[in-house]
Participant: 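Just dropping this structure here.
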Protein chains: 4
Amino acid sequence: MAQARGNTRQRIQSVALELFAEQGYEKTSLREIAERLDVTKAALYYHFKTKEDILIGIFQDLTAPMDELIAWAGRQPRTLETKQEILRRYQVNLIAAAPLFRFMQDNHAVVSKLSVGLTFKERMLTLNDLIQEPGSSLTDKARCISAIFTLHAGTFFMANVEGDPEDKRKAVLEVALDLVEQAQKGH
Amino acid sequence: MAQARGNTRQRIQSVALELFAEQGYEKTSLREIAERLDVTKAALYYHFKTKEDILIGIFQDLTAPMDELIAWAGRQPRTLETKQEILRRYQVNLIAAAPLFRFMQDNHAVVSKLSVGLTFKERMLTLNDLIQEPGSSLTDKARCISAIFTLHAGTFFMANVEGDPEDKRKAVLEVALDLVEQAQKGH
Amino acid sequence: MAQARGNTRQRIQSVALELFAEQGYEKTSLREIAERLDVTKAALYYHFKTKEDILIGIFQDLTAPMDELIAWAGRQPRTLETKQEILRRYQVNLIAAAPLFRFMQDNHAVVSKLSVGLTFKERMLTLNDLIQEPGSSLTDKARCISAIFTLHAGTFFMANVEGDPEDKRKAVLEVALDLVEQAQKGH
Amino acid sequence: MAQARGNTRQRIQSVALELFAEQGYEKTSLREIAERLDVTKAALYYHFKTKEDILIGIFQDLTAPMDELIAWAGRQPRTLETKQEILRRYQVNLIAAAPLFRFMQDNHAVVSKLSVGLTFKERMLTLNDLIQEPGSSLTDKARCISAIFTLHAGTFFMANVEGDPEDKRKAVLEVALDLVEQAQKGH
DNA sequence: GATGAATGAGGCTTCATTCAT
DNA sequence: CATGAATGAAGCCTCATTCAT
């Protein structure tokens, strides 16, 4: 019976993220979450004030690493090597918080209305800024944006390509690294 | 009173797409669509059997050009120039049906449960196949996927970058063309 | 294409009765009737003012024979033979208008609120009066009611009993005739 | 405000049966039931998953005695006295659950589509089997069916006959008992 | 920590009906 | 004779949320 005690809050977040990622935020009801946990809806309200609060909690927990990444990046010299290291670390984040990112990709409309969501978009732009060279050409700017999205797309859409997951991860990373290198050279 | 006659069906689709793109499919209610058209909810049901049917109608209308593109591509020789032309035409499609694609990007969870959605994913994979070289390396495969997503991301996320829209479009296209060229060379 | 012309009114009644009998009056929608006839709902309104009017029309057409039966019965001497002849003829009516009676049996609640329905109940009571002897015992009164209901039940529930339909019909009739005979003797 | 607590579920069933019997199942809306209980529609859904579930609940509660009757009958020797006792007990059931049976008689179309409804028809046939002699004539079979329906009809249609209810009940029962006796003799 | 009972708002859908053409 | 388009009312149902216990 009793799952380890006192972790209900985390169990809620975990099940919620799973369902949000799978079905979307709007489509997922508290009843569903409660049922999957074998708990009453009212119990959810003991731990979170609203449905959105559950989402916010998930965000805060899972985006912390990204904030650290940004903070760290801000302290480094703006060399090519730094930029590439940013991409490497970003890909690690992406994979670690895969369900969250999948969810964000699929529920952009909802997320963007969250206060947390805005913060997130800003974070992505910040990241992008750290990779770009201030006065670079539009083409090189597009390369940088493309590099970030290659990591995203690669993580979620290479699923349809055959091959060892680890090899695919490396291939995707390589393409992204190439793109910033070209952007840097163009400069 | 009387808005131009006989075009109600199309007006519904147009307003619906607008709202779906803006707020997401689940979040948009038929009441909202009806109100914005100054029509009763029941009127929507005269033209479409269900809410999902509205979406399906939009899809069918707006993805037709992509089918033509795929058909055309299938008849061409698989040269680098062909592949690049595919990307050029794909970008045109993307821009023409911008709200639809924005919607699909933001409502992946919903769309993927639509029969039309499946068809769409298949179409993207088909397109990807037409760009790739059969025996290429994983890295080059990633480059091709990246090229397609660069067009997507570029079309919707370059909005945050300063510059003339047409110039930005060209810059994004250039990056995508580069990527398939590199993939081709690698081969 | 064109079914024989000009009979649309009757085709509506026929299809409607079929559906009413099968699904009940409330559960059957005009859309359904229209679709089954390959006609628009609006067309139904050309022939009938309301949904209830369709039902009323059916009643009037199909209960006419019963009115004749009652009229005829009123003119006969009140002998046992007359009473039995009434039952014989009633069974014929019952079988001829089987779907109507099935419908009435299954939708009593609806029918009883129809003006036509009231008339119908009165008709049944009138029939019952013609079979009963004024001062008979309660038991004999029950026998007469039972006789009528035996014909009804028999027509619709002997379906679950094996045997030639015609033989079953005769068996049921025999029981009903017996019952009035006993009622008569008791007197 | 506060009606006696904790009995809401039963109050719903009771009011629902009343309305179903009076107006028919389809014609009765959940709004009506809720209003009569001074409760929200949503409250109904806390206690029952669907409208049909309310009906199913009523059935299960009210048809239990009939199951017991059938079980008891199965254990008795198949004498005339047993059969008559079955009819006596059946009439008691009929009167005790009068609204349910009235409802079933008037909403056959709806009920027969319920899984519970099927069960019910089977129960009636089982009862009929317990009363009949295996190899009897069609006429005697009709007599047995007639006996059961006499109880039904009698209970609900003798209302239009003058007399003390208890006396009428006895009269109806007598007719039914007679019928099985004749069927038995015929054998 | 959690439940049982309930609510108010709102969702999608269907219906009978109307009317200009 | 019949249709196409639309309406207003109402249906069933689900949701996020609350609160006394």
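The chains referred to below are lettered A, B, ... by the order of the sequence lines, with proteins before strands, and numbering in each begins at 1. FYI, side chains are in, hydrogens and waters are out, and symmetry mates aren't considered; it's all heavy atoms of this structure.
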Participant: Could you check how far CD of C:E52 sits from C1' of E:dT17, rounded to whole Å?
Facilitator: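 The answer, rounded to whole Å, is 14 Å.
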Participant: For nucleotides F:dC19 and E:dG1, find the distance between their C1' atoms and express it as a whole number of Å.
Facilitator: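 Their C1' atoms lie roughly 15 Å apart.
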Participant: Please give, in whole Å, the distance from E:dC15 C1' to C:L30 CG?
Facilitator: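 The distance from CG of C:L30 to C1' of E:dC15 comes to 8 Å, rounded to the nearest Å.
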Participant: Map D:K41 and C:K49 onto DNA chain E by nearest heavy atom, then report which one ends up closer to the 5' terminus.
Facilitator: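 First, find each residue's nearest nucleotide; the 5'-ward one identifies D:K41.
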Participant: Using Watson-Crick or G-U wobble geometry with both distances under 3.5 Å, which nucleotide pairs with F:dA20?
Facilitator: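 Answer to the pairing question: E:dT3, which forms a Watson-Crick or G-U pair with F:dA20.
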Participant: Would you indicate which nucleotide in F:dC15, F:dC1, F:dC13 comes nearest to any side-chain atom of C:Y46?
Facilitator: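 Given the options F:dC15, F:dC1, F:dC13, the side chain of C:Y46 is closest to F:dC1.
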Participant: Got a second to check how far A:T63's OG1 is from A:L100's CG, nearest 0.5 Å?
Facilitator: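 So the OG1 of A:T63 and the CG of A:L100 are separated by 7.0 Å.
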Participant: If you only use heavy atoms from C-beta on, which nucleotide in E:dC15, F:dG4, E:dA6 is closest to the side chain of C:R31?
Facilitator: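 Ranking E:dC15, F:dG4, E:dA6 by closest atom to the C:R31 side chain puts E:dC15 first.
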Participant: Do B:K41 and B:E35 sit within salt-bridge range, that is, some charged N less than 4.0 Å from a carboxylate O?
Facilitator: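 B:E35 and B:K41: not salt-bridged.
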Participant: Report yes if a side-chain nitrogen or oxygen of C:H47 is closer than 4.0 Å to either non-bridging phosphate oxygen (OP1 or OP2) of F:dA2; otherwise report no.
Facilitator: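 Looking at the OP1 and OP2 atoms of F:dA2, one of them is under 4.0 Å from a side-chain N or O of C:H47.
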Participant: How do C:T40 and A:A42 order along DNA chain F: which one's closest nucleotide is nearer the 5' end?
Facilitator: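 On the 5' side of the pair lies C:T40.
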Participant: Rounded to whole Å, how long is the line connecting atom CG of B:L37 with atom C1' of F:dA5?
Facilitator: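 Spelled out: CG on B:L37 to C1' on F:dA5 is 14 Å.
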Participant: Is E:dT13 paired to anything, Watson-Crick or G-U wobble with both distances less than 3.5 Å, and if yes, which nucleotide?
Facilitator: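 E:dT13 is paired with F:dA10.
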Participant: Indicate yes or no: does B:R102 engage B:E22 in a salt bridge with an N to O separation below 4.0 Å.
Facilitator: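 Looking at B:E22 together with B:R102, the answer is no, because their closest N to O distance does not fall below 4.0 Å.
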Participant: In whole angstroms, how far is the P atom of E:dT18 from the NZ atom of C:K51?
Facilitator: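 Roughly 15 Å, once rounded to whole Å.
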Participant: Report the distance from atom CD of C:E32 to atom C1' of E:dA16, rounded to the nearest whole Å.
Facilitator: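 That distance rounds to 14 Å.
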Participant: Consider the side chain of B:Y45, meaning its heavy atoms from C-beta on, and name the nucleotide among E:dT13, E:dT17, E:dA5 that approaches it most closely.
Facilitator: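 When the side chain of B:Y45 is considered, E:dT13 is the closest of E:dT13, E:dT17, E:dA5.
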Participant: Whether C:T8 contacts F:dA2 is assessed here as follows: a side-chain N or O lying under 4.0 Å from the phosphate OP1 or OP2. Is that the case?
Facilitator: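 Yes, C:T8 has a side-chain N/O under 4.0 Å of OP1/OP2 on F:dA2.
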Participant: Give a yes/no answer on whether the side chain of A:S29 brings an N or O atom under 4.0 Å of OP1 or OP2 in F:dT14.
Facilitator: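 Looking at the OP1 and OP2 atoms of F:dT14, neither is under 4.0 Å from any side-chain N or O of A:S29.
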Participant: Could you tell me whether B:K27 sits above the aromatic face of B:F20, with NZ or CZ closer than 6.0 angstrom to the six-membered ring centre and within 45 degrees of the axis?
Facilitator: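 No, cation not above the ring by the 6.0 Å, 45° rule.
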Participant: Let me know, please, whether A:E26 or C:A43 comes out on the 5' side of the other along DNA chain F by nearest nucleotide.
Facilitator: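 Result of the comparison: C:A43.
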Participant: Nearest whole Å is fine: how far is E:dG11 P from A:K27 NZ?
Facilitator: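 It is 15 Å, rounded to the nearest whole Å.
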Participant: Can you tell me which nucleotide in E:dA2, E:dT14, F:dC13 comes closest to the side chain of D:T50?
Facilitator: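 Shortest atom-to-atom distance from the side chain points to F:dC13.
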Participant: Whole angstrom is fine here: how far is it from CG in A:L44 over to C1' in F:dC19?
Facilitator: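 In whole Å, F:dC19 C1' and A:L44 CG are 16 Å from each other.
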Participant: Looking at C:Y45, does the NZ or CZ of C:K51 lie under 6.0 angstrom from its six-membered ring centre and within 45 degrees of the ring axis?
Facilitator: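 C:K51 over C:Y45 ring: no.
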Participant: Over how many whole Å does the gap from A:E35 atom CD to E:dT3 atom P extend?
Facilitator: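 Checked: the CD to P distance equals 13 Å.
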